[in-house]
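Just so it is clear: chains get the letters A, B, ... in the order the sequence lines come, proteins before strands, and each one is counted from 1.
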Number of protein chains: 2
Amino acid sequence: MTGGRGRRPGAGDTRSLILAAARDAFAEHGFEAATLRDIGQRAGVDPAMIHHWFGTKEKLFQAVVNAPVDPQEVLAAGLPDDPERLGEHLVRTLLTVWDSPQGSAALVVVRSSMRSSRGAALLREFVLARVIRTAVAPLGLTEDEALWRGNLVATQLAGLVMVRYVLAVEPLASTAPDDVVAVLAPQVQHYLTGELALTGGPPRSPSGATPRTPRPTPRSSG
Amino acid sequence: MTGGRGRRPGAGDTRSLILAAARDAFAEHGFEAATLRDIGQRAGVDPAMIHHWFGTKEKLFQAVVNAPVDPQEVLAAGLPDDPERLGEHLVRTLLTVWDSPQGSAALVVVRSSMRSSRGAALLREFVLARVIRTAVAPLGLTEDEALWRGNLVATQLAGLVMVRYVLAVEPLASTAPDDVVAVLAPQVQHYLTGELALTGGPPRSPSGATPRTPRPTPRSSG
DNA sequence: GTGGAAATTCATTGCCCGATGAATTAGTGG
DNA sequence: CCACTAATTCATCGGGCAATGAATTTCCAC
């Protein structure tokens, strides 16, 4: 059991244990609601160790977030030759990453991005924009069409992440990856290479932004 | 400064003041990190009033979430007779609500809910679950199939909300509603009434949960 | 106007949090 | 095997939190 105090016997890579426990806890509760006591318990370690190794809760969080995955790199690996299989590749890759331990880290990033509109901007710029562009790059589309199809793909993939991982809605949260791929991949593929049903021609965002107008405003005050 | 205790003189719709203050506070800090003290201060009111009017912090949050819009009510209005037009109705209704001033309030709720698993649970229970069931109700499906198809619809709609409103990614954020409906409605319709491509039969969530496996765990301990 | 009901604040309770520092034990170099 | 350093736990502090109940004031029916 919990022996007395003092240095532990054998190996004990306590720092890593804390880091992993913190990653899970932050993913689960967000930064504010996660507690050092809980993290310590998950790591099987006294909460004081966290201060010993990381100083403060904030610094621990930074340590967790600074060990991210490069989405482009992951995506690029195993890109299929056939453009008609690209949708399947995207969905499967997404599921693989998010079902892995790295998924917790990704959850941390997504959750913490919601803390401010600046966080949302970061998520938009560095993840969505780059990832989506990487994803549709093999298709050799025009600039406008790449953006538009990329956005559509993003809606389906972002929605999958939301429902399955962030909100964990059943039954989708517990459905086998193969089944998810089977159902969603064709839809994603349609956004990539299918014929898009449009009433009055493609929504050619007429060069630059022309914000539609009286929408609630993409306010950045938060 | 603040006069003594006892009932206030004039009008004082305290309940509404608290509700508005709570909406802002939850939006800014998320459910867990928002404090009743802060909400009370924003509303210019003693925190004890919150307990007087709402009971607990959680009930206050529910009141905030349910205030902007009763999704069921909005959805029910204008339900098409033809099940094959249900997808279009869902997408169009969603865009109408989110493009309206109520959309700002909804955005607040979504942002704050995503930040912790607790907030996510509340969103899942009180909004998503009900909306999904209402949405697929006209189809007269079996329990399992309704849940499954509802989840799929939710991925597409939630993704639309994320990309267009929460992250405000261009060009989708500035695309005319009609164009969005034209492109997305067929996909949603497919989830509602189309034939779903499945490898080994429908993912009949085998009664109860069978958590896929070693994911970060949907633990509810927190 | 007077008596009760509703609204509001104050004072307090108990809990949990993050942080700190002393006490204790295990490794390590000589 | 002895000193020294690093790792770990324990006990505790001050603070902020949600919640409760009593005290006080206004409103309203009669």
Side-chain angles (χ1 to χ4, degrees), chain A residues 1-26 28-65 112 115, chain B residues 1-26 28-65 112 115-119 121-122 221-222:
Chain A
M1 267 307 178
T2 56
R5 67 180 106 187
R7 188 173 185 145
R8 280 188 173 174
D13 188 357
T14 301
R15 211 188 119 98
S16 307
L17 284 178
I18 293 175
L19 219 41
R23 192 193 55 200
D24 290 349
F26 285 138
E28 200 169 314
H29 303 294
F31 174 76
E32 322 256 10
T35 73
L36 297 185
R37 285 169 157 82
D38 175 50
I39 292 172
Q41 201 163 7
R42 290 179 195 235
V45 140
D46 190 279
M49 287 309 302
I50 300 174
H51 289 99
H52 181 61
W53 287 108
F54 297 93
T56 75
K57 185 184 181 182
E58 180 78 28
K59 285 184 182 164
L60 172 63
F61 182 78
Q62 290 173 15
V64 168
V65 172
S112 65
R115 294 222 297 164
Chain B
M1 220 8 144
T2 58
R5 67 180 108 188
R7 186 171 188 149
R8 281 188 173 173
D13 188 356
T14 301
R15 211 189 118 99
S16 306
L17 285 177
I18 293 175
L19 220 40
R23 194 193 53 205
D24 292 348
F26 284 137
E28 203 166 312
H29 300 115
F31 174 77
E32 324 254 8
T35 73
L36 297 186
R37 285 167 156 81
D38 175 51
I39 293 172
Q41 202 162 6
R42 289 179 195 236
V45 140
D46 190 279
M49 286 309 302
I50 301 174
H51 290 99
H52 180 60
W53 287 109
F54 297 94
T56 75
K57 186 182 181 181
E58 173 145 342
K59 284 185 182 165
L60 172 62
F61 183 82
Q62 292 173 20
V64 168
V65 169
S112 69
R115 288 203 279 245
S116 71
S117 62
R118 185 164 182 71
L122 289 172
S221 65

Kindly indicate whether the side chain of B:Gln41, heavy atoms from C-beta on, has any atom under 4.5 Å from the side chain of B:Arg37.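 A side-chain contact under 4.5 Å is absent here.
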Provide, to the nearest angstrom, the distance between the [atom1] atom belonging to [X] and the [atom2] atom belonging to [N].
X: B:His51; N: C:dT8; atom1: NE2; atom2: P; answer: 16 Å
X: A:Phe31; N: C:dG18; atom1: CZ; atom2: C1'; answer: 11 Å
X: B:Asp46; N: C:dT12; atom1: CG; atom2: C1'; answer: 13 Å
X: A:Asp13; N: C:dA26; atom1: CG; atom2: C1'; answer: 17 Å
X: A:Leu36; N: D:dT8; atom1: CG; atom2: P; answer: 17 Å
X: B:Ile18; N: D:dA18; atom1: CD1; atom2: P; answer: 14 Å
X: A:Leu17; N: D:dA7; atom1: CG; atom2: P; answer: 14 Å
X: A:Ile50; N: C:dA19; atom1: CD1; atom2: C1'; answer: 11 Å

Report yes if a side-chain nitrogen or oxygen of A:Trp53 is closer than 4.0 Å to either non-bridging phosphate oxygen (OP1 or OP2) of D:dT8; otherwise report no.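 So the side-chain polar atoms of A:Trp53 do come within 4.0 Å of the phosphate oxygens OP1 or OP2 of D:dT8, strictly under.
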Does OP1 or OP2 of C:dT8 have a side-chain N or O of B:Thr14 closer than 4.0 Å?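 Yes, within the criterion.
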Map B:Pro47 and A:Lys57 onto DNA chain C by nearest heavy atom, then report which one ends up closer to the 5' terminus.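 Result of the comparison: B:Pro47.
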Between the base of D:dG16 and the side chain of B:Arg37, is there a donor and acceptor pair under 3.5 angstrom?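 By the distance-only test, no, there is no pair.
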Any N/O donor-acceptor pair, A:Arg5 side-chain to D:dA7 base, under 3.5 Å: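 Side chain to base: no pair present.
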Option among B:Leu19, B:Ile50, B:Val45, B:Asp24 that satisfies the side-chain contact (heavy atoms from CB on, under 4.5 Å) test with B:Ile39: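 Exactly one option meets the side-chain contact (heavy atoms from CB on, under 4.5 Å) with B:Ile39, and it is B:Ile50.
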Heavy atoms only, 4.0 Å cut-off, all strands: where does B:Ala34 land among base, sugar-phosphate and nothing?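 Answer is sugar-phosphate: B:Ala34 comes under 4.0 Å of backbone atoms only.
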Compare the minimum distances between each of [options] and the side chain of [X], then state the nucleotide with the smallest one.
X: A:Val45; options: C:dG18, D:dT9, D:dA19; value: D:dT9
X: A:His52; options: D:dT8, C:dA19, C:dT8; value: D:dT8
X: B:Thr56; options: C:dG18, D:dA19, D:dC17; value: D:dA19
X: B:Met49; options: C:dT8, C:dG18, D:dC10; value: C:dT8

Nearest heavy-atom neighbours spanning B:Glu32 and B:Lys57: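 Scanning both residues completely, I find the closest heavy atoms to be O-NZ, 3.1 Å.
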Closest heavy-atom contact between A:Ala25 and A:Ala34?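 The pair with the smallest heavy-atom distance is O-CB, 4.0 Å.
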What class does the angle between the rings of B:Phe31 and B:Phe26 fall in, given that below 30° is parallel, 30 to 60° is tilted and above 60° is perpendicular?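 Rings of B:Phe31 and B:Phe26: parallel, as their planes differ by under 30°.
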